[in-house]
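These notes are about the structure you will find just below.
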Number of protein chains: 2
Amino acid sequence: MSTPSIIELITKKRDGETLSDDEIRWLIGAYTDGTVPDYQMAAMAMAIYIRGLGPDELTAWTEAMLHSGDVLELSDIDGAKIDKHSTGGVGDKVSIPLAPIVAACGVNVPMMSGRGLGHTGGTLDKLETIPGFNTSFDRDGFHRILTDTGLVLAGQSERLVPADRKLYALRDATATVSSIPLISSSIMSKKLAEDLDGLVLDVKVGSGAFMTEPESARELAETMIGIGKAHGVPVTALITGMDQPLGRAVGNANEIRESLEVLSGGGPADLVEITKALAVEMLELAGIEEATTQVERSIESGDALAKFIEVVIAQGGDPKVTEDPTLLPEPDHEIPLIAEREGIVTRCDARVVGLSAMRLGAGRSRKEDEIDPAVGIRVEAKLGDTVAQGDTLAVVEVRTREQFDSIEMDLRSAWEIGENAIDAPPLIRDRITSEL
Amino acid sequence: MSTPSIIELITKKRDGETLSDDEIRWLIGAYTDGTVPDYQMAAMAMAIYIRGLGPDELTAWTEAMLHSGDVLELSDIDGAKIDKHSTGGVGDKVSIPLAPIVAACGVNVPMMSGRGLGHTGGTLDKLETIPGFNTSFDRDGFHRILTDTGLVLAGQSERLVPADRKLYALRDATATVSSIPLISSSIMSKKLAEDLDGLVLDVKVGSGAFMTEPESARELAETMIGIGKAHGVPVTALITGMDQPLGRAVGNANEIRESLEVLSGGGPADLVEITKALAVEMLELAGIEEATTQVERSIESGDALAKFIEVVIAQGGDPKVTEDPTLLPEPDHEIPLIAEREGIVTRCDARVVGLSAMRLGAGRSRKEDEIDPAVGIRVEAKLGDTVAQGDTLAVVEVRTREQFDSIEMDLRSAWEIGENAIDAPPLIRDRITSEL
C-alpha cells in the first residue's frame with residue numbers, strides 16, 4: 001500500500017465509509033509516532049464517534065493498537081492465563097479478593113489494573129495502601145512474580161499499548177470517550193496484549209457506571225466479546241448493577257480491609273456474590289470443572305487468603321496487614337452521617353458517594369492529583385434497608401471534622417428514604433459468552 | 001454566563017444539540033486567543049461538519065468570527081458600498097473589470113480578494129502582474145484609496161477576522177472544509193467585516209468549482225443570503241457555470257490582458273456576460289436605476305477603463321500597461337495544443353485546465369509556493385465549438401518547451417471531442433436575492 005493521506009482517511013470516515021485494514025494500521029502507527037498530529041486524530045475520533053466502526057474495522061483497529069508497543073509473551077507458563085476487567089464503579093474492589101481466589105484454584109492471573117479517576121476508584125491505589133506494596137514492574141519482573149505465585153497485581157507498563165495511552169488522553173479532551181467502538185478497542189487492546197487464554201468482563205450498569213443504560217452495557221459487552229472472538233480469545237461478560245456502591249467500603253485502605261474480610265469468608269453479601277460469580281467464570285474459561293465448589297473451597301480452606309499473602313510478599317508488601325488491618329492507613333475521625341427521617345432506602349446513589357469520597361481525597365478529579373489512602377466512606381444503609389431516624393447512613397472516614405462538613409450535604413443527597421418497600425434489582429443482570 | 005466547558009460544548013454539538021449565542025461567542029474567542037487548542041476545535045469542526053449549524057447558531061458563529069479582529073468603519077464615505085465575492089473558479093478574472101465598471105457608475109467598491117490555491121487563481125496574484133501594483137494596505141491606506149477613487153482592490157489584512165484565518169487552516173488539515181455552514185460563515189464573516197451596504201455573490205457550480213452539484217451551490221447561496229439578512233446586509237447571488245474556464249485566459253498576466261479587453265468593450269462573450277450581470281446586481285443593490293444601461297454606458301464611454309487607470313495609479317501600479325499590455329510579464333514561448341481529431345467540443349474541463357496552469361507555475365499547490373506571472377493557458381476551443389484536426393485547442397504560454405511537454409497529456413485530457421452538436425448549458429443558472 002502506498003502511504004495513505006490522512007485527509008483521505010478522515011474524509012472516508014466522515015462520510016461513513018469503511019477504512020481498510022492497511023489504512024487503520026497506518027493511521028494508528030502514524031498517530032503513535034507523531035506523524036499524524038493530535039488535531040487530525042481528534043477529527044478522526046469525532047468522525048468515528050458519530051459514524052462508528054464496523055466489525056472488521058474494529059478488529060483491525062484493536063490489532064493495530066495492541067501492536068503499537070510491547071506485547072507480553074507468557075506461553076512458557078503452565079496452565080491457563082485468565083484475567084478479569086471491570087468497566088469501573090464505586091466500591092469495586094473485586095479484583096483484590098478475586099485474583100487470589102482464582103489463583104488458589106490453579107489458574108494463572110496476570111492482572112493489570114488502573115488508578116482511580118473521577119468518582120471511580122482504582123485497584124492500584126487500593127493495593128498501594130499496603131505498606132511496601134509495589135505495582136510497577138518491567139516485563140521480567142511481571143513474568144517472574146506470575147511464574148512464582150500464579151498471579152500478579154500490577155499496573156500497565158508505559159510500553160504496553162502506547163497508542164491507547166495517547167489516544168485516551170486525546171479522547172478525554174475532545175468529548176469522544178463514550179464511544180462503544182473506541183472504549184471496546186481501548187480495553188481489548190490492553191487485555192489482548194497480556195497474552196491471555198480467556199477474559200472475564202464485569203460490565204457495570206447504573207448511576208455509578210460508565211454505562212447508565214442496560215442496552216448500552218449489553219452492546220459494549222457484545223462488542224468486546226466480538227473483538228475477543230476475532231483474536232481467538234474466549235470472553236465471558238457479566239452485566240452487573242452499579243446503582244449503589246458495591247460492598248460498604250468506598251476509599252482505599254478501607255477497601256483493602258473489606259477485601260480481607262471476603263478472603264476470610266466474610267464480607268458484604270453483594271461483594272461476595274459478584275466476586276464468586278466472576279471467579280466461577282474465570283475457572284470455567286480455564287476449563288476447570290466444578291468451578292463453584294472450587295471457589296467455595298478456596299475461600300473456606302484459607303488457600304485464597306494464603307495466596308494473597310504470598311503475592312503481597314512477592315510484590316514487596318507487608319503481609320502482617322492481613323492479620324492486623326490497623327497497619328493500614330487509618331483516618332483520624334470516623335463521623336456518622338445520620339438519617340433525618342425513618343423509612344426505606346429507595347436510592348443510594350453510587351456516583352454521588354463516589355464523588356464525595358473523591359472530594360475527601362480518596363480519589364482524583366485530575367490524573368495528576370495525589371490521593372489520601374486513609375480517607376473514605378463506609379456505606380451502612382443500602383437499597384431496601386429500613387432505617388430509623390438517627391440511624392447511621394454512612395460512616396465518613398476523615399482527617400478533620402471540616403472535611404466531613406464540606407461534603408455532608410452532597411453526600412446526604414445520595415440517599416432517598418421512602419415509605420414503601422422496594423424490590424432491590426438483581427446484582428447480576430445478564431451473562432454473555434463468546435461461542436468460539 | 002459562567003465560562004462554559006469546551007468538553008460540554010463539543011458534547012452538545014456531537015449529540016446534535018444547539019449551541020447558544022454565548023457559547024459560540026466564548027468558543028470563537030477562546031479558539032482565537034489559544035485557550036481552546038487546535039485538537040479540541042478539530043473535534044468541534046468535525047461535529048459541526050456532520051451535525052450542521054442551525055440558522056441562529058450560524059448567525060452567532062459569523063458574528064463572533066467577524067468580531068474576532070478589526071472591523072472596517074466606512075460610514076463617512078458617501079454613497080453605497082457594495083462588494084462582490086466569487087466562490088472561485090478557473091479563469092475567473094471578473095473582479096478586475098467589474099470593480100471599475102461599478103465604481104464608474106458611482107458605487108463604492110471596497111473589494112478584498114484572495115490568492116490562488118490549487119486549480120483556482122486569485123485576483124491579487126493577477127493584479128500584482130501590473131508593475132508596481134500594491135494590494136497590501138493598512139486601514140488608513142485602504143480608506144484613503146476608497147475615498148479618493150471610489151474603489152480599492154486589496155488583500156485581506158492580517159487583523160481582519162483572525163479567527164477565520166486560524167480555523168480555515170485547521171479545517172484544511174482535518175477534512176472539514178466542505179461544510180456549507182463553515183464555508184458560509186467563513187466567507188460572510190470576512191465580507192460583513194467590510195462594512196458593506198450590499199453584497200453580490202457569484203456562486204460557481206461545476207467541475208472547476210468548489211460545489212460540483214447545483215443543489216449544493218443553491219444551498220450555499222441561500223445560507224450566505226440568510227447570514228446577510230440576519231446582519232441586515234442585502235445579498236444577491238448568481239449561480240453560474242464553472243464546467244469550462246471562464247473567458248479564454250487562465251493564468252495571471254494573461255488574465256489582466258483579457259480584463260483590459262472587457263474594459264475596452266471587447267473580450268470573450270461568457271466573461272462579458274457574467275461581468276455585466278454582476279455589475280447590474282451591484283448597481284441594483286446600491287439603488288441605482290436603469291442599471292443595465294448604466295453598465296453599458298460605463299464601458300462604452302471609456303469611464304470604466306479610466307476608473308481602472310485611476311485605481312492602478314492610486315495603488316502604485318504602472319498605468320501604461322493599459323495602453324501597452326506588452327509591459328505585463330510575457331512568456332518565452334506560446335505553444336499550441338493541437339486537436340487530434342475533428343468534431344464538436346463536448347467537454348473542456350475547468351479543473352483539468354486549472355491544474356495544468358498551476359503545474360506550469362501560474363498557481364500554487366501549497367500556500368507558500370511562488371507563482372510565475374507570465375505563464376498560463378489560453379483556451380481556444382470551448383464547449384460546443386466545432387474543431388478540425390490540426391486546429392488549436394489552447395495556446396500554452398511557457399518559459400520552456402519542456403514545461404509544455406510535462407503537461408501536454410494531462411491538459412489534452414480536459415477536452416472531449418464528440419460527433420454530435422451539444423447545447424452549451426446556460427452560463428447564469430439561477431438568481432437568488434434576499435428579501436429584507
Side-chain angles (χ1 to χ4, degrees), chain A residues 4-17 19 23 26-27 30-32 34-53 117-118 163 165-183 210 212-213 216 365-367, chain B residues 4-17 19 23 26-27 30-32 34-53 117-118 163 165-183 210 212-213 216 365-367:
Chain A
S5 138
I6 175 66
I7 306 276
E8 276 170 37
L9 300 197
I10 301 172
T11 302
K12 277 178 94 168
K13 186 43 68 186
R14 179 196 79 191
D15 296 343
E17 292 172 30
L19 302 176
E23 287 169 340
W26 177 84
L27 174 65
Y31 180 58
T32 308
T35 306
V36 166
D38 277 340
Y39 56 85
Q40 291 181 321
M41 197 59 166
M44 178 62 95
M46 182 56 78
I48 290 175
Y49 187 100
I50 298 178
R51 303 299 192 194
L53 287 176
L117 188 63
R165 194 177 302 274
K166 198 170 170 185
L167 182 57
Y168 193 87
L170 182 68
R171 287 167 54 209
D172 197 39
T174 55
T176 50
V177 168
S178 58
S179 146
I180 285 179
L182 292 175
I183 297 170
F210 197 75
T212 53
E213 299 304 320
S216 313
S365 65
R366 294 175 309 171
K367 280 195 195 70
Chain B
S5 139
I6 175 66
I7 306 275
E8 275 168 38
L9 301 196
I10 301 172
T11 302
K12 276 177 94 167
K13 187 42 67 187
R14 179 196 79 190
D15 296 343
E17 292 171 30
L19 302 176
E23 287 169 340
W26 177 84
L27 173 65
Y31 180 57
T32 309
T35 307
V36 166
D38 277 340
Y39 56 84
Q40 290 181 322
M41 198 60 166
M44 178 63 94
M46 181 56 78
I48 290 174
Y49 187 100
I50 298 177
R51 302 297 192 195
L53 287 176
L117 188 62
R165 193 176 303 274
K166 199 171 169 184
L167 182 58
Y168 193 88
L170 182 68
R171 286 167 55 208
D172 196 40
T174 56
T176 50
V177 168
S178 57
S179 148
I180 285 179
L182 292 176
I183 297 169
F210 198 74
T212 53
E213 300 304 320
S216 313
S365 65
R366 293 174 311 170
K367 280 193 194 73

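Residue numbering restarts at 1 for every chain, and letters A, B, ... go by the order of the sequence lines. Small disclaimer: the values here were computed from a predicted structure and weren't measured.
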ask   = Taking it one step at a time, do A:I50 and B:M46 satisfy side-chain contact (heavy atoms from CB on, under 4.5 Å)?
value = CA-CA 10 Å; A:I50 298 178; B:M46 181 56 78; 5.8 Å; no

key: Part of B:I6 within contact of chain A (heavy atom distance under 4.5 Å)   =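 It is neither, since no heavy atom gets under 4.5 Å.
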
Toward chain A, the part of B:A173 with a non-hydrogen atom under 4.5 Å =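 Both the backbone and the side chain of B:A173 come within 4.5 Å of chain A.
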
Among A:G16, A:S178, A:A43, residue most engaged with chain B (heavy-atom pairs, under 4.5 Å) =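 If we count pairs closer than 4.5 Å to chain B, A:A43 comes out on top.
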
task = Answer with side chain, backbone, both or neither: which region of A:L170 has an atom nearer than 4.5 Å to a non-hydrogen atom of chain B?
result =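 For A:L170, the side chain is the part near chain B, not the backbone.
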
request  = Give a yes or no on whether the backbone of B:T176 and the side-chain of A:R14 come within a donor-acceptor separation of less than 3.5 Å.
outcome  =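 No.
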
query = Could you give the distance from OG1 (A:T174) to CE (B:M41), rounded to the nearest 0.5 Å?
reply =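 A:T174 atom OG1 to B:M41 atom CE measures 14.0 Å (nearest 0.5 Å).
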
